[in-house]
Amino acid sequence: QVQLVESGGGLVQAGGSLRLSCAASGRTFSRYGMGWFRQAQGKEREFVAVIAWSGLTKYYADSLKGRFTISRDNAKNTLYLQMNSLKPEDTAVYYCAATVHTYSRNMREYTYWGQGTQVTVSS
């Protein structure tokens, strides 16, 4: 079992930055693939970024590549999402998730989810 808790969300002006964190509990964190997903009001949850258990393989949604950076610190059992040049359309609840696979861009393969953290970008 893996428990995940997101933090770092908040209100920021367009063009600003935020760094989200996801603290994981459990002895096997380093062997899970991890991902970030987001869901805006009235829209479906969508893929943001994923990172393999080793941290060496990363994938991003095409629209976010260059602005967002995913990373993990296995020694601290923590996943991060650095978000730069934020836009109003980035406003959403951001969720971290864990998969037993090495990594996956398919959110249906993630079995452990955090409660989400709200990110609001004002214009």
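The figures here come from the full heavy-atom set of this structure, side chains too, leaving out hydrogens, waters and symmetry mates. We're numbering straight along the sequence, starting at 1.
Residue pairs meeting the disulfide bond (SG atoms under 2.5 Å apart) criterion with at least one member in residues 65-123, sequence neighbours excluded, are Cys22-Cys96.
In this structure, Trp53 is not a member of the same hydrophobic cluster as Met34, with clusters built from ILVMFWY side-chain heavy atoms closer than 4.5 Å. Residues Tyr80 and Val2 do not share a hydrophobic cluster, defined by chaining ILVMFWY side chains whose heavy atoms lie under 4.5 Å apart.
The environment of Gln41 atom CD is sparse: at most 12 non-hydrogen atoms of other residues, nucleotides or ligands sit within 6.0 angstrom.
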Before giving the answer on side-chain contact (heavy atoms from CB on, under 4.5 Å), spell out for Glu46 and Leu64 the whole-Å C-alpha distance, their side-chain angles and the decisive distance to 0.1 Å. CA-CA 12 Å; Glu46 64 179 0; Leu64 304 178; over 6 Å; no
List the steps, then state whether side-chain contact (heavy atoms from CB on, under 4.5 Å) holds for Met83 with Leu20. CA-CA 8 Å; Met83 306 185 295; Leu20 305 183; 3.7 Å; yes
Would Tyr32 and Thr99 satisfy side-chain contact (heavy atoms from CB on, under 4.5 Å), going step by step from the backbone distance to the final call? CA-CA 6 Å; Tyr32 285 83; Thr99 176; 5.9 Å; no
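Judged purely by atom type and a 3.5 angstrom limit, Arg105 has no side-chain atom pairing as donor or acceptor with the backbone of Ala61. Counting only distance, with no hydrogens or angles, the side chain of Gln115 and the backbone of Glu6 share a donor-acceptor pair below 3.5 Å. Of the possible donor and acceptor atoms, one in the side chain of Thr91 sits under 3.5 Å from a partner among the backbone N and O of Val121.
Scanning both residues, Glu109 and Ser104, for their nearest heavy atoms gives OE1-OG, 2.6 Å. Gly8 and Thr117 get closest at one heavy-atom pair: N-OG1, 4.3 Å. Scanning both residues, Ser85 and Arg67, for their nearest heavy atoms gives O-NH1, 3.0 Å.
The residue from Ile51, Thr78, Asn77 that alone fulfils the side chain to side chain contact (heavy atoms under 4.5 Å, CB included) condition with Arg72 is Ile51.
Rounded to the nearest 0.5 angstrom, Gln118 CD and Leu11 CG are separated by 9.5 Å. Atom NZ of Lys58 is separated from atom NZ of Lys65 by 12.5 Å, given to the nearest 0.5 angstrom. Atom-to-atom distance recorded for Leu79:CG and Asn74:CG is 9.5 Å, nearest 0.5 angstrom. With rounding to the nearest 0.5 Å, the separation of CG in Leu56 from OG1 in Thr102 is 11.5 Å. For the atom pair OG (Ser21) and NZ (Lys76), the distance works out to 9.5 Å, reported to the nearest 0.5 Å. Here CD1 of Ile70 is found 12.5 Å from CD of Gln82. Values are rounded to the nearest 0.5 Å.
Annotation for Met107: hydrophobic cluster partners, listed by chain and number, are Phe37, Phe47, Val50, Tyr59, Val93, Tyr95, Tyr103, Tyr110, Trp113 (ILVMFWY side-chain heavy atoms under 4.5 Å, direct or chained).
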